[in-house]
Engineer: 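Let me give you the structure first, and then I'll get to my questions.
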There are 2 protein chains.
Amino acid sequence: MRAMLTPATLAATAALLGDPARAAMLQALFGGESLTAGELARIAGIGAPAASAHLAKLTDGGLVAVHRQGRHRYHRLASEEVAAALETLGGLTMAVAPARRPWPHGEEFRTARLCWDHLAGRLGVALHQGLTGRGWLAPAEGGWAVTTTGEAGLGALGVDLAAARRARRFACDCMDWSERRAHLAGGLGRAIAARCLDRHWLHRLPPARSGDPLGRRRLGLTPEGARVLDGALGVRIGA
Amino acid sequence: MRAMLTPATLAATAALLGDPARAAMLQALFGGESLTAGELARIAGIGAPAASAHLAKLTDGGLVAVHRQGRHRYHRLASEEVAAALETLGGLTMAVAPARRPWPHGEEFRTARLCWDHLAGRLGVALHQGLTGRGWLAPAEGGWAVTTTGEAGLGALGVDLAAARRARRFACDCMDWSERRAHLAGGLGRAIAARCLDRHWLHRLPPARSGDPLGRRRLGLTPEGARVLDGALGVRIGA
DNA sequence: GCCGCGCTTCGTCCACGGGCGAAGCGGGGC
DNA sequence: GCCCCGCTTCGCCCGTGGACGAAGCGCGGC
């Protein structure tokens with residue numbers, strides 16, 4: 001039983017993304033971290049009351065989820081779909097915007113980065129290719145399912161499949177705007193990214209400059225990470 | 001040399017989609033047809049002056065392209081990226097909107113439909129799977145390239161590869177929100193869809209009811225189409 | 001050449017919504 | 001218990017932008 005997709009409801013969702021302050025907040029949350037209302041207010045360059053109003057709209061609209069902890073309220077993106085929409089809208093914006101200033105992140109940004117909680121860029125796309133090409137994932141209702149081969153392979157890498165299965169979506173596609181190809185999202189995408197960061201196969205790179213809207217989303221691959229991912233899945237993004 | 005992706009530019013693009021009248025226009029154009037300003041005004045339920053203003057914003061923003069013919073001005077979506085953004089935003093809206101009215105299109109809509117100018121739904125996803133799984137497409141900069149095997153296979157189906165290559169993008173992914181998987185967009189996606197409709201392997205289904213916001217996007221597969229696509233690419237969506 | 005039609009431009013109105021300061025609420029710290 | 005601090009609510013102001021009617025422009029038809 002799904003709802004009707006009318007122009008009005010689509011416009012309502014798009015309008016939530018169409019305010020500069022809200023867009024700044026969402027872009028900050030797109031880095032994968034949970035942030036307090038105060039931090040988001042500072043990032044968006046507005047006062048606390050305005051930020052509170054924006055965050056109320058975003059949570060009402062189902063784009064942001066809140067988590068109370070003491071006197072702080074931590075905000076994060078609510079779902080895969082929100083991350084996917086931000087990623088795709090970013091691609092549209094880049095395609096549409098005339099080339100004004102040079103793109104300051106260049107190759108490093110396209111090589112590997114976080115898309116909310118999963119891996120993107122050339123690395124994310126190569127990972128998707130490796131997982132499906134080696135038969136670790138098979139088509140399933142609503143995305144992908146892991147095969148017995150995949151279960152063994154991912155287990156050997158130490159990926160927490162149990163945690164991945166607890167997510168609303170186990171594995172589905174997400175558009176990578178810099179590569180124009182799909183990368184892996186869902187619980188499995190998150191579990192793989194978590195494992196890579198946990199084992200220091202990947203590490204977060206510092207922002208290119210202060211106030212960087214892309215935050216700490218850029219990732220660097222360590223020599224060990226390159227070895228492990230190439231050995232297990234044929235993922236090669238160096239050259 | 002790419003432009004910078006600031007919150008402000010992303011918000012500006014999203015705001016273009018965030019108006020009910022503009023969203024209605026874009027959703028109508030998402031069916032793949034070129035429509036005149038008058039038709040779009042009627043669809044959006046607004047007067048001619050307002051429609052003209054909205055269309056000017058959409059073309060200025062690079063979301064819609066115009067084509068003069070006599071005293072009519074035909075409007076269509078400007079690029080892959082716009083179609084991809086509409087598709088993804090639709091998915092976000094559906095995920096976010098509480099299930100109000102039942103979804104009236106059900107299985108027929110998920111089985112096969114147009115996403116602007118290429119195939120989507122279970123059929124589009126299966127096609128993508130068939131093309132990549134059989135080695136007809138290989139990873140390439142910015143999407144996919146056709147292999148020699150693929151060139152032969154697509155040639156045998158009568159797909160116009162020369163026309164496909166003239167497009168800005170030859171082949172790239174686009175998110176399918178009903179399947180949560182990638183389907184094929186770009187010049188090749190358009191050429192394949194055109195061939196299928198041309199040979200009556202697929203045909204447009206009438207709107208489920210008048211005023212249907214999804215227009216004539218639903219597609220039906222003919223027995224011959226099912227036979228051809230299964231034989232060439234192992235595409236099976238019947239059961 | 002004249003009129004008709006599709007579309008755009010201009011001028012005007014008005015409503016929605018985002019911003020802030022002040023005040024209120026609630027959880028922790030001491 | 002008191003205060004501090006993070007966040008929200010309230011009340012208000014103001015700017016943006018979307019709507020329409022009237023008028024103008026350009027292409028076609030007769």
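Just so it is clear: chains get the letters A, B, ... in the order the sequence lines come, proteins before strands, and each one is counted from 1.
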Engineer: How close do A:A120 and A:H183 get, counting heavy atoms only, and between which atoms?
Structural biologist: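 Heavy atoms of A:A120 and A:H183 come nearest at CB-CE1, 3.4 Å.
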Engineer: Can you identify which nucleotide, out of D:dG18, D:dC7, C:dG18, has its nearest atom closest to the A:T36 side chain?
Structural biologist: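 The answer is D:dC7.
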Engineer: Rounded off to whole Å, could you give me the CZ-to-C1' distance for the A:R73 and D:dC5 pair?
Structural biologist: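 Taking CZ of A:R73 and C1' of D:dC5, I get 15 Å after rounding.
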Engineer: Each nucleotide in nucleotides 22-30 of chain C should get exactly one letter: B, S or -. Can you fill that in based on protein heavy atoms under 4.0 Å?
Structural biologist: B----BS--
Engineer: Five pairs at each end of the helix from C:dG1-D:dC30 to C:dC30-D:dG1: take the axis at both ends and give me the angle between them to 10°.
Structural biologist: 30°
Engineer: Whole Å only: how far is the CG atom of A:L58 from the P atom of D:dC7?
Structural biologist: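 My rounded result for the distance is 15 Å.
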Engineer: Apply the test salt bridge (Lys or Arg N to Asp or Glu O under 4.0 Å) to residues A:E141 and B:R181: give CA-CA distance (whole Å), side-chain angles for both, the deciding distance (0.1 Å), then the verdict.
Structural biologist: CA-CA 10 Å; A:E141 177 72 21; B:R181 290 267 305 282; over 6 Å; no
Engineer: Take atom CG of B:L17 and atom P of D:dG18, then tell me their distance rounded to the nearest Å.
Structural biologist: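 One finds 13 Å between P of D:dG18 and CG of B:L17, rounded.
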Engineer: With a cut-off of less than 4.0 Å, is there a side-chain N or O of A:H54 near OP1 or OP2 of C:dG19?
Structural biologist: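 The answer is yes; a side-chain N or O of A:H54 sits under 4.0 Å from OP1 or OP2.
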Engineer: If you assign A:A51 and B:A48 each to the DNA chain C nucleotide with the nearest heavy atom, which residue ends up on the more 5' nucleotide?
Structural biologist: B:A48
Engineer: Rounded off to whole Å, could you give me the CG-to-P distance for the B:D19 and C:dA15 pair?
Structural biologist: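 Rounded to the whole Å, the gap is 17 Å.
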Engineer: Would B:R113 pass as a cation-pi partner of B:W177, given that its NZ or CZ must be under 6.0 Å from the six-membered ring centre and within 45 degrees of the axis?
Structural biologist: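 Output yes; distance and angle both within limits.
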Engineer: Rounded to whole angstroms, how far apart are CG on B:L55 and P on D:dA19?
Structural biologist: 12 Å
Engineer: Regarding A:T222 and A:E224, do their side chains bring together a donor and an acceptor under 3.5 Å, going by distance alone?
Structural biologist: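 Looking only at side-chain atoms, A:E224 and A:T222 do not form any donor-acceptor pair under 3.5 Å.
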Engineer: What do the steps show when you test A:E33 against A:R217 for salt bridge (Lys or Arg N to Asp or Glu O under 4.0 Å), and what is the final call?
Structural biologist: CA-CA 10 Å; A:E33 295 163 312; A:R217 281 173 48 202; over 6 Å; no
Engineer: Rounded to whole angstrom units, what separation is found between the CZ atom of A:R22 and the C1' atom of C:dG19?
Structural biologist: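 Roughly 13 Å, once rounded to whole Å.
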Engineer: OP1, OP2 of C:dG17 versus side-chain N and O of A:K57: anything below 4.0 Å?
Structural biologist: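 Indeed not, no polar side-chain atom of A:K57 lies that close.
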Engineer: Aromatic ring centroids of A:H128 and A:W144 under 6.0 Å?
Structural biologist: yes
Engineer: Between B:D60 and B:K57, does any side-chain N to carboxylate O distance fall below 4.0 Å?
Structural biologist: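 Judged by the 4.0 Å cut-off on N to carboxylate O distance, B:D60 and B:K57 do not form a salt bridge.
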